[in-house]
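Each remark here refers to the structure printed beneath this line.
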Protein chains: 2
Amino acid sequence: MTGRTARTQVEKSAETRRRIMEATVRLLQWQGYSRLTTPAIAKEADVSRGALTHHYATKEDVVVAAVEYQLKEAIETTRRYVEQNADKDISVDEIIDYLWRLMADGLFYVTLEWLPEMRHNALFKTRLIPVVQGFHSSLNEIWAIISRRYHADPRQAEVVLNATMCLFRGMVAQTIVRKDTEYFDELLSFWRQLLRQMFANGLGIDISACSTREERS
Amino acid sequence: MTGRTARTQVEKSAETRRRIMEATVRLLQWQGYSRLTTPAIAKEADVSRGALTHHYATKEDVVVAAVEYQLKEAIETTRRYVEQNADKDISVDEIIDYLWRLMADGLFYVTLEWLPEMRHNALFKTRLIPVVQGFHSSLNEIWAIISRRYHADPRQAEVVLNATMCLFRGMVAQTIVRKDTEYFDELLSFWRQLLRQMFANGLGIDISACSTREERS
DNA sequence: TAAAACAAACAGTCTATACTGTTTTTATAT
DNA sequence: ATATAAAAACAGTATAGACTGTTTGTTTTA
């Protein structure tokens with residue numbers, strides 16, 4: 001009787017919580033924050049409303065936990081990517097593509113849902129800021145690889161990373177109003193070439209042949 | 001009896017509508033889309049709820065009109081800026097600063113409020129897309145000034161403008177989670193210098209001394 | 001006098017949370 | 001090993017509040 005489906009309470013509740021968080025993230029991505037309701041979350045997670053309120057006192061608790069969950073998952077994914085490539089010969093292009101995919105594959109869409117809430121809800125902000133900082137730390141790690149490989153000043157490399165991330169955020173935001181793959185591919189090409197040449201010169205000196213037109217190898 | 005406050009109906013209703021739109025934009029900026037209610041808009045505009053529903057059938061109509069209003073106002077402001085500087089000797093730095101101020105002074109905060117709604121509301125999107133495109137057209141105009149002055153390829157200049165706007169969008173988004181003026185000043189300096197040097201070379205060839213450290217003149 | 005602008009009340013829906021009851025698990029004593 | 005008490009997990013319902021869209025009534029303008 002204890003072998004098959006017998007799970008401890010902590011396992012069960014952890015499972016339930018995970019279901020709720022994944023459902024919440026899914027609903028944030030598909031329907032958005034303004035349409036997010038607790039009944040919808042319970043239904044999407046295939047959990048009763050009672051179970052939902054048992055684990056999370058308020059709706060805000062659910063959202064905070066869900067965003068934490070997604071960001072920490074992204075951090076873990078990134079750390080694994082870092083470990084796998086710490087010794088390997090990884091190019092600027094590859095890291096750029098990794099970061100772009102990370103953002104464009106839903107992560108920043110979900111971010112755009114809760115980011116406004118952060119402006120208007122101090123508690124929400126207080127609870128999430130540490131997670132966001134952890135996320136950025138993991139980005140710095142991945143960037144340090146490229147920074148070391150090209151013997152670039154870490155200080156300057158960080159500025160370039162930040163610019164890259166801001167650029168990508170703005171690009172993802174624009175994908176909502178502009179469905180135009182070519183347009184974004186062109187921007188990515190432009191940026192890849194710019195970075196490639198900056199790093200080739202150890203960041204910051206003598207970037208040459210910086211055309212906006214470029215085809216990937 | 002007709003001299004003092006006697007205004008024609010169209011004037012009155014136009015005034016009321018403007019009050020409603022400005023109130024809506026204000027509430028979007030201060031409280032956000034998820035907290036936006038029609039009673040709150042009426043109160044902020046100092047107008048009865050009946051007046052509100054008289055002029056706008058649904059809440060969505062109000063928001064669409066308000067966003068249109070704000071964007072068209074931004075377009076007008078930009079066009080005036082263009083006219084005033086079409087002949088003047090305007091630098092890359094000045095345009096960059098203009099664009100940054102335009103975005104950072106609330107415009108993109110409000111955008112971040114309705115942008116998610118656009119992902120989930122097809123009608124809302126359909127109605128707003130033309131206005132957004134008009135906004136981008138006016139940006140292209142201002143950019144054309146600098147493009148001509150530096151004899152840069154308009155095609156490449158457009159890519160650089162788009163990258164600039166995406167960068168700024170991402171930066172404004174990040175200001176929500178990171179209150180750090182120095183950080184954003186550094187990014188702006190980095191970008192100004194990059195553009196300055198790119199334009200100095202007619203866009204795209206031989207950017208030298210591209211440091212992330214820079215002080216403004 | 002007709003139409004537009006405005007005001008106010010209303011009806012229906014929805015949502016978040018609190019509350020009550022039930023089942024399952026765990027710890028403990030035997 | 002087993003019985004039992006306690007605690008946690010879960011399910012379902014009730015309720016209070018709020019918001020939207022509508023409708024009806026009143027004032028002002030053309």
Side-chain angles (χ1 to χ4, degrees), chain A residues 1-24 27-28 31-66 113-114 117 120-121 123-124 127, chain B residues 1-24 27-28 30-66 113-114 117 120-121 123-124:
Chain A
M1 283 299 184
T2 55
R4 275 168 52 88
T5 52
R7 289 176 306 174
T8 165
Q9 275 186 334
V10 293
E11 280 176 334
K12 271 187 70 176
S13 73
E15 158 79 9
T16 302
R17 267 196 279 263
R18 204 187 61 236
R19 293 242 301 271
I20 291 172
M21 290 176 208
E22 285 174 357
T24 305
L27 288 179
L28 278 177
Q31 306 186 8
Y33 186 86
S34 69
R35 287 169 179 76
L36 190 72
T37 66
T38 47
I41 295 173
K43 189 178 179 185
E44 176 73 23
D46 202 21
V47 153
S48 76
R49 298 198 58 189
L52 184 67
T53 58
H54 172 72
H55 287 285
Y56 301 97
T58 73
K59 182 184 168 183
E60 187 177 313
D61 287 340
V62 180
V63 177
V64 168
E113 298 291 338
W114 53 259
E117 179 65 14
H120 311 295
N121 188 334
L123 185 56
F124 188 87
R127 297 214 260 171
Chain B
M1 284 296 184
T2 56
R4 275 167 51 89
T5 52
R7 289 174 305 173
T8 163
Q9 275 184 332
V10 293
E11 281 175 335
K12 270 186 73 177
S13 72
E15 158 80 8
T16 302
R17 268 196 279 262
R18 205 186 61 237
R19 293 243 300 272
I20 291 172
M21 289 176 207
E22 285 174 356
T24 305
L27 288 180
L28 277 178
W30 296 346
Q31 305 186 8
Y33 186 86
S34 70
R35 288 168 179 76
L36 190 72
T37 67
T38 46
I41 293 173
K43 189 178 179 185
E44 175 72 23
D46 202 21
V47 153
S48 78
R49 224 178 88 75
L52 182 68
T53 59
H54 172 71
H55 288 286
Y56 301 98
T58 74
K59 182 184 169 184
E60 188 176 310
D61 287 340
V62 180
V63 177
V64 168
E113 298 291 338
W114 53 259
E117 178 65 13
H120 311 295
N121 188 334
L123 185 56
F124 188 86

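Lettering follows sequence order; numbering is per chain, from 1.
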For DNA chain C, what residues of residues 31-41 of chain A have any heavy atom nearer than 4.0 Å?
-> A:Leu36, A:Thr37, A:Thr38, A:Pro39
Taking only side-chain nitrogens and oxygens of A:Thr16, does any of them come within less than 4.0 Å of OP1 or OP2 of D:dC10?
-> yes
Is B:Ser13 near enough to C:dA5 that one of its side-chain N or O atoms lies under 4.0 angstrom from OP1 or OP2?
-> yes
Rounded to the nearest Å, what distance is computed from the [atom1] atom of residue [X] to the [atom2] atom of nucleotide [N]?
X	N	atom1	atom2	value
A:Arg49	C:dA16	CZ	P	7 Å
A:Leu52	C:dT15	CG	P	14 Å
B:Ile20	C:dA5	CD1	C1'	11 Å

Nearest-neighbour nucleotide for the A:Ser48 side chain, D:dT23, D:dT20, D:dA11 considered | D:dA11
Per side chain to side chain contact (heavy atoms under 4.5 Å, CB included), B:Ile41 is matched among B:Val63, B:Val62, B:Val47, B:Leu28 by B:Val62
Not counting sequence neighbours, which residues clear side-chain hydrogen bond (donor to acceptor under 3.5 Å, both in side chains) with [X]? List them please.
X	result
A:Gln31	none
A:Glu44	A:Arg26
A:Thr38	A:Arg49

Quick one, which residues of residues 54-61 of chain B touch DNA chain D with a heavy atom under 4.0 Å?
-> B:Thr58, B:Lys59
Using 30° and 60° as the class limits, which term best fits the ring planes of B:Phe124 and B:Trp114: parallel, tilted or perpendicular?
-> tilted
Residues in side-chain contact (heavy atoms from CB on, under 4.5 Å) with A:His120, at least two apart?
-> B:Arg35, B:Glu113
Counting N and O atoms only, with roles assigned by atom type, does the side chain of B:Arg17 sit under 3.5 Å from a partner on the main chain of B:His55, one being a donor and the other an acceptor?
-> no
Is there side-chain contact between A:Asp61 and A:Arg127, with heavy atoms separated by less than 4.5 Å?
-> yes
